Amino acid sequence: MSDTTTIHAAFADHVRDALEALVVDCVLPAGLPLANVTVEPPRDPSHGDLATNAAMVLAKPAGSNPRVLAEALVGKLTALADVTGAEIAGPGFINLRVADSAWLAELRAIAALGGDYGRSNAGAGRVVNVEYVSANPTGPMHMGHCRGAVVGDALAALLEWAGSKVVREYYVNDAGGQVDTLARSVYLRYREALGETIEIPEGFYPGDYLKPIGALIAEDEGDRYLSEPEAEWLPIFRARAVAAMMDTIRGDLAMLGIHHDLFSSEAALQAAGKPEAAETWLRAHDLVYDGVLEAPKGKVVEDWEPVALPLFRSTKFGDDQDRPIRKSDGKWTYFGADLAYHMQKAESADELIDIWGADHAGTVKRIKAAVAALSEGEGKPIPFDVKLVQMVQLLRDGEPAKMSKRSGNFVTIADMVEEVGKDVVRFTMLTRKPEAQMDFDFAKVVEASKDNPVFYVQYAHARIRSTLRKAAAEGLAPSDADLALLGEAEIGLIKQAAQFPRVVESAAAAREPHRIAFFLYDLAAAFHAYWNLGNDDPSKRFILTDQPALTGARLFLGTQIGQVIRNGLGILGVEAVEEL
RNA sequence: GCGCCCGUAGCUCAGCAGGAUAGAGCACCAGAUUCCUAAUCUGGGGGCCAUGGGUUCGAAUCCCGUCGGGCGCACCA
């Protein structure tokens, strides 16, 4: 990264420096908590370009009052070259006005940083492991996986932009009973491929997508497995079925533009003895004991009977019940293996993030308990966050959409991407905060105009690119030679685009990629509004053949606005199109 | 019954880890097209931020209760 400083970072530093100077002057005591000090644009632009709440936040811990502090701070800040005004307002805000020349410098900074504008090193290179999707390898990806996939992927990119090293990981649940069922289902399709008439029992996977796998095995291996006992063929069919499903899933993910760095196999984890190691350690610390599971509450289970199982003391860490790590047949529960899996991830990361569907909300406490127990016990507590994405209700013209041509009973991601396109799916999933439920209506989302922010943002970018092409055809090019010709409207646009680095930083800190989407929407709106000034007043257009200097400056501005939009869309994994 | 998430304009949603007079789109009303793409823009009406308390200089935002909606609640993943 170059040493080009963005205006946002510079002023955050300026305020911090001013506060330190006040410490030296003995106006402030040393060691004040600065975490809540913000430097950000006020909502009302008439209040200036930037405002800080420093005086209000620090008054109490400093044993002073906001007014006195603010006046001292203003004294320091007015001395800055880029500051043309500093005043105290409201309950103790300090409003700053920043010289136009500083905004023009920011425009040059965007140009200098290009595709890196907005990156920071706030994450300080810490390794963050983001586990997302992790759909069971028992079928193609469907809508239930989509939101988590998109949110996880955008979050991963966002954290990279904010200076973390990110590992994108997929946990392949290839060890439980479900993949055995998958193998048996494929075995049926295998027999079918060899001419038998089959019936698919309750509880098997009925989808047509298993037919080609069965057929392929029949082709490769002939009828040799027909007469063999299940114990012989099951592992083979399981391995082939899982491999085929993972190929399908990787294909589905690729359609969404998602590529994981690491696929971790649960079977491999178990083969390596990781769950045993965790159990041994937990037993040694009295965190696993042999106990009896309580009957579920609030729900009648008819054939419930008490069983003795090895239980993890998750209640010690805030869970409602202790949780079994092995089943009564001695095999690992999902949780028993998952706990070891999280330890495995923690070995090579500074921080863990899981993206889960809301239907797994009930298991958050136990896994957090396990990670806390193991990592604190090992003397290396690791920050661990589980992000829950809420359900998406699929609609078609307001009616619930069901049924897929491929799977028989659910809408697949492949179907959806084919119908509405990757960019629409991704952007739409990201224009809502993940913890709120959302509707996804095919009818609305394919509409290329209204109600569809993707096109709105892409259109802004396309307009800019189109204008640059048109200008080039007339021999006009962007130039920063005469930026002083830019006026109030243009500076306003720069101010808005200049928020990008701090939006990236705060979105990353809050783990909320949707903020990028809303920022882009606002920036696009500002651009469209600016553009339309040229409708009423031709002198406000980009291309003015008789004024090459002004045209060059405006094209330079447009180029950088386009760059910011492109960078933001890049985080979201949405294409910045050249034309619509 | 218990746990987690949500409740902001008629509808769909933002609200930047507590800040100044709560915003946008859709819908509704009134306008802009000899234009670098009108897939756009300008203006207007519309809110007890579910509700009752609390915390403080300051609450849509944090805490507690209530109401309403969603998800989950044995060895399934």
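This structure is a prediction, so every number in the text was calculated from the model and none was measured. Both backbone and side-chain heavy atoms feed into the values below; hydrogens, waters and symmetry mates do not. Naming convention: chains lettered A, B, ... in sequence-line order (proteins, then strands); numbering from 1 in each chain.
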Heavy atoms only, 4.0 Å cut-off, all strands: where does [X] land among base, sugar-phosphate and nothing?
| X | value |
| --- | --- |
| A:Ala509 | base |
| A:Asp338 | nothing |
| A:Ser506 | sugar-phosphate |
| A:Ala295 | nothing |
| A:Lys331 | nothing |

Q: Determine, answering yes or no, if A:Phe93 is stacked on B:rA20 under the 5.5 Å centre rule and the 30° plane rule.
A: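 Yes; centroid distance and tilt both under limits.
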Q) Stacking between A:His47 and the base of B:rA20 (centre distance under 5.5 Å, interplanar angle under 30°)? A)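 Yes, A:His47 stacks on the base of B:rA20.
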Classify the side chain of [X] and the base of [N] as holding, or not holding, a donor-acceptor pair under 3.5 Å.
| X | N | result |
| --- | --- | --- |
| A:Asp359 | B:rA77 | no |
| A:Arg463 | B:rC36 | no |
| A:Thr467 | B:rC36 | no |

Q: For the residue pair A:Trp356 and A:His342, categorise the inter-ring angle as parallel (less than 30°), tilted (30 to 60°) or perpendicular (more than 60°).
A: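 Answer is perpendicular, since the angle exceeds 60°.
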Q.
Quick check against the 3.5 Å criterion: does A:Asn53 have a side-chain atom that pairs as donor or acceptor with the backbone of A:Thr38?
A.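 Present.
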Q. Counting side-chain heavy atoms from C-beta on, which of B:rA77, B:rC75, B:rC36 comes nearest to A:Leu293?
A.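 When the side chain of A:Leu293 is considered, B:rC75 is the closest of B:rA77, B:rC75, B:rC36.
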Q | From A:Ser314 atom OG to A:Lys368 atom NZ, the distance as rounded to the nearest 0.5 Å | A |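 So the OG of A:Ser314 and the NZ of A:Lys368 are separated by 14.0 Å.
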(Q) Strictly below 4.0 Å, N to O, side chains only: are A:Glu488 and A:Lys540 in salt-bridge contact? (A)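 Judged by the 4.0 Å cut-off on N to carboxylate O distance, A:Glu488 and A:Lys540 do not form a salt bridge.
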